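A short worksheet on the structure shown next.
Every chain is numbered from 1, with letters handed out A, B, ... down the list of sequences. Since this is a predicted model, take the numbers as computed values, not measurements. Scope of the values below: all heavy atoms of this structure, side chains included, with no hydrogens, waters or symmetry mates.
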Number of protein chains: 2
Amino acid sequence: MKKLINNAEDVIDEQLKGLASAHSELDVHFDPKFVCVAEGVKDRVAVVSGGGAGHEPLHAGYVGMGMLDAACPGQVFTSPTPDQMVEACKAVNGGKGILQIVKNYTGDVMNFQMAADLLRDEGIEVRNIVIDDDVALKDSLYTAGRRGLGTTVIAEKVCGAAALEGYDLDQLAALCRKVNTFGKSMGMALTSCMTPQNGTPSFELPEDEMEIGIGIHGEPGTERSKIKSADEVTEILTTRILEDEAYVRSLSEWDPESESWVDVEVTDIRFESGDEVIAMVNGMGGTPLSELYTVYGKLAEVAERHGIKIVRNLVGNYITSLEMAGMSITLVKVDEEILRLFDAPVKTPALRWGI
Amino acid sequence: MKKLINNAEDVIDEQLKGLASAHSELDVHFDPKFVCVAEGVKDRVAVVSGGGAGHEPLHAGYVGMGMLDAACPGQVFTSPTPDQMVEACKAVNGGKGILQIVKNYTGDVMNFQMAADLLRDEGIEVRNIVIDDDVALKDSLYTAGRRGLGTTVIAEKVCGAAALEGYDLDQLAALCRKVNTFGKSMGMALTSCMTPQNGTPSFELPEDEMEIGIGIHGEPGTERSKIKSADEVTEILTTRILEDEAYVRSLSEWDPESESWVDVEVTDIRFESGDEVIAMVNGMGGTPLSELYTVYGKLAEVAERHGIKIVRNLVGNYITSLEMAGMSITLVKVDEEILRLFDAPVKTPALRWGI
């Protein structure tokens with residue numbers, strides 16, 4: 001197995017040990033059970049996320065000032081457990097409630113709901129907002145409905161900044177929901193990836209083929225084809241995102257009035273000429289930066305042709321799939337509020353600016 | 001060929017088009033012939049580097065405020081030409097001379113010397129300082145003497161800051177030489193890489209083997225073995241670096257007094273207990289961040305055991321080999337001057353802090 005690891009069982013512990021050692025300048029506590037801001041949270045909403053490992057820097061790399069207050073790492077491609085989430089949320093509970101940002105994978109959604117119920121039993125108010133921004137397909141090996149992709153990174157950044165500004169829990173939940181409905185993503189892969197536990201490729205992809213619409217766990221995409229050029233691939237993904245119709249679905253959210261989980265109808269935007277966006281070209285882990293910039297060059301051209309103005313961009317590895325070669329594109333429409341919060345200072349291992 | 005590219009001949013142009021498009025907020029002019037600070041340089045020394053492409057973000061990603069004033073990208077794994085270097089240096093000539101930072105590969109060394117001679121003919125003073133920090137081996141497919149590795153990144157950062165502080169050309173050359181003698185690196189690979197021109201792996205590495213001491217063009221290293229654990233690999237590389245004896249060699253430098261190229265004897269440090277260092281764990285392009293942090297965790301432990309204090313660190317992809325899976329470790333001893341200059345503000349596509 002071509003990996004720089006020691007034992008498959010220890011990969012999470014060991015990465016976090018390295019993160020802790022490399023980022024002792026940050027006020028962050030790194031622990032395999034949960035990573036959190038060491039000083040805790042006082043008198044404001046705390047923002048918490050988490051999910052299976054293998055997508056680094058997501059989520060542990062985004063804990064710090066102005067982004068996540070805590071993150072729970074699961075094993076590779078495996079949801080963390082409700083008790084981890086409960087402990088993490090209690091460690092950063094500042095008395096004003098918890099926003100849980102949840103990627104739409106069945107295990108994550110279920111476990112974060114269980115955690116929320118347990119926390120409420122202890123008198124802590126919680127809202128769970130699901131990110132389901134992948135336009136490639138509905139339903140997959142890991143998901144009912146659309147999968148959560150790159151919009152998660154933007155939601156964590158924007159909501160972290162809003163929590164610092166003093167948004168209350170209802171406002172934060174509404175903001176997170178807005179970012180989700182404003183964001184769309186799609187990915188592709190040139191190679192498979194391999195979990196340390198299995199030691200064999202998650203799927204087979206012949207030497208001359210690529211897969212479009214792939215998920216971050218190597219779940220099948222929409223189309224397999226001979227390898228296309230960077231321009232063609234970028235055109236396919238960007239066009240699918242920009243021409244994706246408003247997506248209407250029900251997402252389960254806690255209703256404080258009826259004190260029960262209710263199905264909330266959520267509707268995405270459809271991008272329109274004149275929209276301003278944050279654009280992310282995200283590497284899957286094994287793709288060189290030079291290729292991501294080649295993709296970005298074409299993305300900027302396609303966006304401009306559609307009248308879409310890219311006002312901020314991120315090019316690099318932000319939500320990965322171990323050593324998979326490939327990339328995903330995320331576009332998040334911004335309004336004044338989202339842009340202000342995106343630009344606010346942030347200080348985490350993987351995202352840092354303005355400070 | 002599993003790459004996100006269009007035509008093999010256009011890869012440099014297209015990456016730079018993407019860089020330019022993504023970093024329009026920077027005052028940098030991106031051109032396939034040379035990348036440079038758009039406003040030019042006034043009344044101070046300019047710092048210039050360059051080399052074959054395929055090592056991104058090196059060097060084009062380091063052009064900007066507080067680091068390189070210009071960089072010349074060659075084709076993949078191929079030195080840029082003297083005329084590119086001459087044009088780049090003239091574009092950023094601020095009347096106080098040019099420091100050329102040159103990785104020790106035969107083509108680069110020769111072409112930067114030719115460029116320096118041509119520039120002097122036009123009345124521009126130039127010093128070439130060679131970086132040869134790879135402790136793995138002397139002489140390789142591409143090099144006489146030791147190869148240039150990660151210390152190049154630190155030298156570019158430190159010298160860029162010193163140029164802004166107003167160091168004159170002699171002082172800057174001495175500083176760059178000092179950083180080179182204070183820095184040592186060593187790399188390893190789990191997989192080969194493939195240039196777009198060839199479309200076949202640069203070398204073969206069986207499924208259960210790794211190569212220690214590899215160069216950034218896939219030049220052979222010192223030892224091929226069954227894959228070892230991250231801890232074992234890190235221990236081998238770090239120990240080789242820390243126990244490397246003071247290395248004495250002759251490097252060709254321009255002597256302004258005799259107006260000729262002379263062989264200057266240069267001697268590296270040997271690390272000693274009590275030394276403070278900048279530590280870099282550098283991904284070769286295809287290795288996930290999570291694995292680099294695993295390596296960093298062990299590196300910190302080995303350094304501590306040797307009495308070496310890591311005062312700054314960089315963990316990520318800084319000097320890569322296309323999509324190669326693997327990593328290199330660089331340790332640069334710091335004194336008050338190097339640390340102050342390393343910490344100074346920098347604003348480039350790939351390195352940005354303090355601003």
So which residue, [options], ends up with the most heavy-atom pairs under 4.5 Å with chain B?
{"options": "A:Ser229, A:Ala60, A:Gly354, A:Ala20", "value": "A:Ser229"}
{"options": "A:Thr234, A:Ile355, A:Leu205, A:Val281", "value": "A:Leu205"}
{"options": "A:Lys17, A:Lys3, A:Met188", "value": "A:Lys3"}
{"options": "A:Leu190, A:Asp208, A:Leu289", "value": "A:Leu190"}
{"options": "A:Met1, A:Glu56, A:Glu207", "value": "A:Glu207"}
{"options": "A:Asn6, A:Asn7, A:Thr294", "value": "A:Asn6"}

Check this for me: B:Glu25, atom CD, are more than 12 non-hydrogen atoms of other residues, nucleotides or ligands nearer than 6.0 Å?
yes
Heavy-atom contact with chain B under 4.5 Å, split by part of A:Ile227:
side chain
Residue B:Pro206 versus chain A: region with a heavy atom under 4.5 Å
backbone
What residue pairs, at least two apart or across chains, pass side-chain hydrogen bond (donor to acceptor under 3.5 Å, both in side chains) with a residue in residues 186-196 of chain B?
none
Please list, in residue-number order, every residue in residues 306-317 of chain B that has a heavy atom less than 4.5 Å from any heavy atom of chain A; write 'none' if there are none.
B:Asn313, B:Val315, B:Asn317
Residue-level contacts of residues 318-332 of chain A with chain B, using a heavy-atom cutoff under 4.5 Å
A:Leu322, A:Glu323, A:Met327
Chain B-proximal positions within residues 297-305 of chain A [heavy-atom distance under 4.5 Å]:
A:Gly297, A:Ala300, A:Glu301
B:Tyr296 and A:His23 side chains, donor-acceptor separation under 3.5 Å
no
